[in-house]
Protein chains: 2
Amino acid sequence: MERVDRQSEEAVFTRVGEFADRDAFTAAGWCAMERSLQVVGTRSAMMLVREAFYGGRRFDDLVRRTGLAETVASKRLRQLVADGLMERTPYREPGARTRYEYVLTARGRDLFPLFVALMRWGQPAEDGVRGGVELTHAGCGATLVPAVRCEAGHDVPIGETEARIASR
Amino acid sequence: MERVDRQSEEAVFTRVGEFADRDAFTAAGWCAMERSLQVVGTRSAMMLVREAFYGGRRFDDLVRRTGLAETVASKRLRQLVADGLMERTPYREPGARTRYEYVLTARGRDLFPLFVALMRWGQPAEDGVRGGVELTHAGCGATLVPAVRCEAGHDVPIGETEARIASR
DNA sequence: CTGTATCCCAGCGGATACTG
DNA sequence: CAGTATCCGCTGGGATACAG
């Protein structure tokens with residue numbers, strides 16, 4: 001087994017330069033991925049976002065559908081609001097007292113591709129697990145799949161990817 | 001502020017039925033998202049996957065570039081190998097002794113859209129953070145962005161999404 | 001119904017020291 | 001260079017009890 005063959009076969013990102021100066025950034029926690037994980041890297045956060053995508057709004061519903069303990073849901077929701085992913089707003093149905101609902105902000109809805117990627121990766125095609133939720137394209141009915149594009153609109157396979165130090 | 005207006009404005013998933021029978025599945029942990037999080041839901045796992053995408057193979061490099069403690073990296077790598085995301089294989093450079101390298105399996109490379117989604121979400125356009133790694137389309141040079149499609153090839157905006165109980 | 005306060009446990013991640 | 005063993009603090013998450 002030749003090493004060079006496997007290198008090309010794996011098709012990892014092309015590394016520009018030796019990333020010598022990258023280590024400093026990475027060590028300081030200046031990786032965009034790590035910042036994401038600090039906000040949505042917990043199970044409870046993503047479960048609450050999931051239910052928000054499914055249309056859950058009231059605290060009680062979110063707790064029941066996620067299966068989280070109330071105390072965990074409470075703390076995490078407060079955090080999600082503080083981080084700008086959700087908004088807690090009062091509303092009032094006719095004849096009922098004021099209640100609060102949690103809704104995703106634009107920043108929260110931006111998690112859509114991340115959510116689809118997580119759902120898809122956790123459910124391989126040949127998986128024999130029965131039940132569960134399937135995400136589909138309304139009308140067309142086909143299953144959702146995550147994809148990667150560039151801002152110019154091209155589809156980008158993993159082998160055509162470059163990672164470089166952003167010089168801003 | 002009307003509630004109905006905000007509902008449509010938010011454009012969450014369309015819920016088919018009342019998800020009455022979904023609760024049982026969710027409670028039992030049969031959510032694809034949760035299964036994903038059990039494998040790659042930790043900071044160390046995603047950081048190691050990140051470095052593997054960047055081309056890191058040797059234990060020493062992975063430790064240095066992630067900034068993880070050796071013990072954490074060791075345990076997590078073993079877990080990633082057990083979970084089928086990475087492979088630990090011996091190789092031998094001419095004149096040197098046998099070493100081991102960690103490479104992503106196909107299952108690990110399937111994390112590509114998830115990785116891009118995490119990187120992108122953590123780096124908003126107006127972000128003033130200097131430096132960091134930017135992922136681009138080789139040749140074209142444009143920044144990578146995560147997208148959602150259906151298996152029929154259509155782009156799927158968040159408003160055209162349905163969530164339903166998979167009846168398998 | 002919508003939370004909060006308190007206590008507790010398990011798991012993640014780091015520090016240190018040690019092996020082949 | 002490539003790990004492992006041990007210890008230890010912090011946080012995520014659950015259970016229970018309580019409040020507006």
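Letters A, B, ... mirror the listed sequences (proteins, then strands); counts begin at 1. Values below: every heavy atom of this structure, side chains too, minus hydrogens, waters and symmetry copies. Owing to the predicted nature of the structure, the values given are computational and were not obtained by experimental measurement.
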What's the CD-P distance between B:E70 and D:dT6, to the nearest Å? 17 Å

Using a cut-off of less than 4.0 Å, is there contact between a side-chain N or O of B:Y102 and OP1 or OP2 of D:dG3? yes

Following the transitive rule for hydrophobic clusters with a side-chain heavy-atom cut-off under 4.5 Å over Ile, Leu, Val, Met, Phe, Trp and Tyr, establish whether B:L37 and B:V49 coincide in one cluster. yes

Rounded to the nearest Å, what distance is computed from the CD atom of residue A:E34 to the P atom of nucleotide C:dG13? 11 Å

Would you indicate, yes or no, if D:dG20 has its OP1 or OP2 atom less than 4.0 angstrom from a side-chain nitrogen or oxygen of A:Y100? no

Reckon A:T71 touches a base, only the sugar-phosphate, or nothing at all at heavy-atom distances under 4.0 Å? base

What integer distance in Å separates A:R57:CZ from C:dC1:C1'? 17 Å

Let me know the distance between CD of A:E101 and C1' of C:dT2, rounded to the nearest Å. 14 Å

Which whole-number value in Å describes the distance from A:L48 CG to C:dG3 P? 12 Å

Of the nucleotides D:dG3, D:dG14, C:dT2, which one has an atom closest to the side chain of A:L68? D:dG14

Within the structure, does a side-chain N or O atom of A:R78 lie under 4.0 Å from either OP1 or OP2 of C:dG3? no

Would you indicate, yes or no, if D:dC1 has its OP1 or OP2 atom less than 4.0 angstrom from a side-chain nitrogen or oxygen of B:R64? no

Is A:R58 close enough to C:dT2 that one of its side-chain N or O atoms is under 4.0 Å from OP1 or OP2 there? yes

To the nearest angstrom, how far is A:M86 atom CE from C:dG3 atom P? 12 Å

Quick one: is C:dC12 close enough that its OP1 or OP2 comes under 4.0 Å of any side-chain N or O from B:S44? no

Looking at A:W121, is B:R35 sitting on its ring face, NZ or CZ under 6.0 Å from the six-membered ring centre and within 45 degrees of the normal? no

Check the distance between C:dT6's P and A:K75's NZ and give it to me in whole angstrom. 11 Å

Figure out the CZ/P separation between B:R76 and C:dC12, and round it to whole Å. 5 Å

So A:F53 and B:F13, would you call those rings parallel, tilted or perpendicular, with 30° and 60° as cut-offs? parallel

Side chain of A:T105, backbone of A:L85: donor and acceptor closer than 3.5 Å? yes

Heavy atoms under 4.0 Å, any strand shown: does B:R43 hit a base, just sugar-phosphate, or nothing? sugar-phosphate

Is there a side-chain contact between A:R99 and the phosphate of D:dG20, meaning an N or O under 4.0 Å from OP1 or OP2? no

Report yes or no: is the cationic atom of A:R88 (NZ for Lys, CZ for Arg) under 6.0 Å from the centre of the six-membered ring of A:Y100, at an angle within 45° of the ring normal? yes

